[in-house]
Each structure stands twice: as C-alpha cells, then as structure tokens.
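See below for the structure under consideration.
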Amino acid sequence: MMKTIKRVLMLCMISLLAGAVAVSAAPLVNTFERPSAGGPYTLSEWATDGWNAPWDQGMSTRTMIDSNYAHNGGKSLRVFYPEDEVGPIDSGAQAPFALTPGQEYYLSYWVRFSNDFSWGTTEFAGKLGLGLAGGAACSGGQVCTGYNGFSSRIIWRSGGQAAIYYYHMGNGGQYGDYRILKQGGNDIYYQKGQWINIVQRLKVNTVSGGNANPDGEIQIWYNGVSAANITGLRFVRNSDKVDKAYFSSFFGGATASFAPANDSYIWYDDIKVSTTPADICELSSGGCSSGPSIFREAENYTYMSGIMTEPTPDVGGGLNVGGIDAGDWVAYAGIPITSGGTYLMEYRVASPNTGGKISLDLGGGATVLGHINVPNTGSWSNYQTISHQVQIPAGTHQFGIYAVAGGFDINWWRLTKVN
C-alpha cells in the first residue's frame, strides 16, 4: 500500500509545472523531536519529517534543533537573526512548504522570543514565522492581480506589536495590508521569554465567471483567544487554493535600519497545519494540556507563597521562580490528566547549594506524589534538568511544587506520560 501511495505521489510530481512542489496530505505536524539536537534542521530534514519545499533560505545555516528548550517534548527549532542583518538571505529562514490545495486551512505554531530579542534599530518590522499562501504567493511589493496568488504572514512591529500582514487583491498601498492583533480592545504585544501560540485560518474567496467574490477570510487566535477576524477579502479569480505553509521569518524591511541591534533568536515548536479545526487542539476549550506531555513555565503559576520571579540566565531567557526557602510553594491549577498512570516529572533547576528538596503534590498537599532532591548544580546560572516518576490519577488537578528544603531556582517543569 505504501509503495503504491509513493508511486502515485511521484507521478503527480512529474506532472507538475517546473518550479512546483510535491504536495502532502493534511494534517501536517512537526514537533522537531526526531533529529539529533545541536545540528541544523536542513530542507532534507524537513522532508524526512514530511514537509516538502522546492527551495529554502537559511535552513542549513541559521537553524538548530535545540534540546535545551521546548514547548512540548524535548526539542524545538531555534532560528537565528544576526545583529545588523536584514532580509531572508542574511536573516532568519524561509521555505514554502507544500500543502494539498484546499479552500480553507488552519495553521498553528508555538513561538518563543529570546529574552533580549531586538525588535529593530530605528525602524521596526519583521516576519515572525509560518503563514498561509497560494499560487504564486503574491508578496514583496507585487500587485496582486488574482492570478499571481496571495500570502498571509504574522509580523512584529515597534515594541513587539503583533499584526497579521497579508497580500490580496486591492492592497491599500504598494505593499501588503496589515491588521493589528487585539484582545479586549487592546493591542497585543509579544512577550519575550515566553511560549506563545498563534493560530491562523485562511479561507479563499469563491469565483464566479472569472470574478473574485469578496468572501475570503483571515482569522487569527492568540493563545487560544480570537485576535483578528478579517472578512470581505478577494484573493483569486482563478482556481488557486491554499497550497503552502510558508515559513517566512526575517528582519525587514530592506534597509539596515530594520536590523536587530543584537543577535536574536526565536524558537518554534508544535507546528500543525490542517483543513479541519478539530486537529488544532489549541482552539479547543481544554487546550492541549491533555496531550502526552504538559509543559509549564515555572513563573506561570496560579498561586504561590514566599517566592519571587526574576530574569533567568538559562537557555532561552525569560523568567524563573527564585527566592525559594523551606516551606515556599507554587501551584498550577486546571491541569487536565486524561489518562491515569505513570508520569515522568522534570524540573529545570539551578542551585549553588546542597540539600534542596522538592515535594510534588495534588490538591494543596492532599495527595503527595513524590519527592526529589535538588543537586548542587555549581551556580545560580548553571541549570540542570532533574526528574522522577510519579503515579497520577485521571482528572483535572492542581499541582503543587513544595520546597521541603530550599536554596534553588526553577525555570520550568514538564510532565510526560510513561505508561
């Protein structure tokens, strides 16, 4: 069966016009868990994981599989944006990954900006990551005619202001239009050092007698909450559909004034593309925490006693929980465990002291799951991941991390089902 499917796909590839790419059936998922950590995630590595593109910029020179930081699992994709560089040739990475052509697609991914990420120098604009596109993917100052495709990408503006940037028929100016992302009437600004989820939905307009009907749509969710809903769009007047998950991330603008003032990084994880919203757990009421691995930044607690938060020197930046003395605790409410069993609990810790000890509990200490000693890691800036196995029943729980003995910092924790 598999050989037959591959043969059919190969025939489709041969029949495509020059420059076109092989298509892949939705949904597509990439968690970056397969490749070895420390090396670049090249176009051939993407292809091994089922993502195909005819070309790329920067994948072999400015990407790395990183095991030090991940939204879920143990790895993520780190992309590098060198100081003083702009454009996709010298900054970030690009590749147009092929999708089975469809009228409507959903795209979800998690991103994390380095703690010292620079939004620019004197001008501020950059492409954040994946977007949806079709046909010839009209962009780069082109006039979208309805015959040369369309594109839609998430961007940042001054101060990390979040926006959706899209090319369609009837752009307001030479370049694409943009819409600031908002929640509760307020502009959204990306937070450095934290994992952020973005979901994009794009529906191509219908065509009647060669005319583009104004019924195309773009919708954006930020951390699971609606942030933009753009209707009345015209993308095409031919048969082009959404056929690309366009990884397009770089600084610029075309001049050095848009360049980062210092070396900057973005981590990407848990990328999903599908024609079905049910495949995007980030849009469900329970989120994705019920999956095989649950990840939390330590500072994103629900309740606490005795601790403080501070910038962390750990890989990826952000904040850690510190000032932990004996008797201090942090609690995380509403964690859904859909299947009871054995779980591996990991903590990212740093300590120049000996004798620290953590107790993991449920329900404010009503059920103690287990204890683990915190080692002397050498300094407050030298982090290690420690772990122990615990038995957890199914249900929605409040997890507590209690310091039986203090003298350590925690950057994050991760819970993974073993059996």
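These numbers come from the heavy atoms of this one structure, side chains and all, not from hydrogens, waters or symmetry mates. All of these numbers come straight from a predicted model, not from anything done at the bench.
Taking the six-membered ring for Trp and the full ring otherwise, Tyr167 and Phe150 have centroids separated by 6.0 Å or more. The six-membered or imidazole ring of Phe97 lies near that of Trp51, with a centre-to-centre distance under 6.0 Å. Aromatic pair Tyr265/Phe117: ring centres not closer than 6.0 Å. Ring to ring, Trp267 and Phe113 are not that close: their centroids are 6.0 angstrom or more apart. Side-chain rings of Phe251 and Trp156 approach one another, their centers coming within less than 6.0 Å. In this structure, Tyr347 has its ring center closer than 6.0 angstrom to the ring center of His388.
Within the structure, the salt bridge (charged side-chain N to carboxylate O under 4.0 Å, His left out) test picks out the following pairs touching residues 170-184 (sequence neighbours left out): Lys182-Asp187.
Side-chain contact between Pro40 and Thr61 is absent, with no heavy-atom pair separated by less than 4.5 Å. With contacts defined as side-chain heavy-atom distances shorter than 4.5 Å, the pair Trp329/Ile324 does not qualify. Between Tyr81 and Ile266 the shortest side-chain heavy-atom distance falls below 4.5 Å.
Between the side chains of Ser139 and Tyr175, no donor-acceptor pair of N or O atoms lies under 3.5 Å. When only modelled atom types and interatomic distance are considered, Asp314 and Tyr69 share no side-chain donor-acceptor pair under 3.5 Å.
The neighbour count for Ile89 CD1, taken as heavy atoms of other residues, nucleotides or ligands under 6.0 Å away, does not exceed 12. Annotation: Tyr178, atom OH; neighbour count of heavy atoms from other residues, nucleotides and ligands within 6.0 Å does not exceed 12.
Salt bridge annotation for Asp49-Arg34: present, with a cationic side-chain nitrogen under 4.0 angstrom from a carboxylate oxygen.
Partner of Tyr106 under the side-chain contact (heavy atoms from CB on, under 4.5 Å) criterion, chosen from Val273, Thr275, Leu202, Leu283: Leu283.
Scored by the side-chain hydrogen bond (donor to acceptor under 3.5 Å, both in side chains) test, Thr122 finds no partners at all (sequence neighbours excluded).
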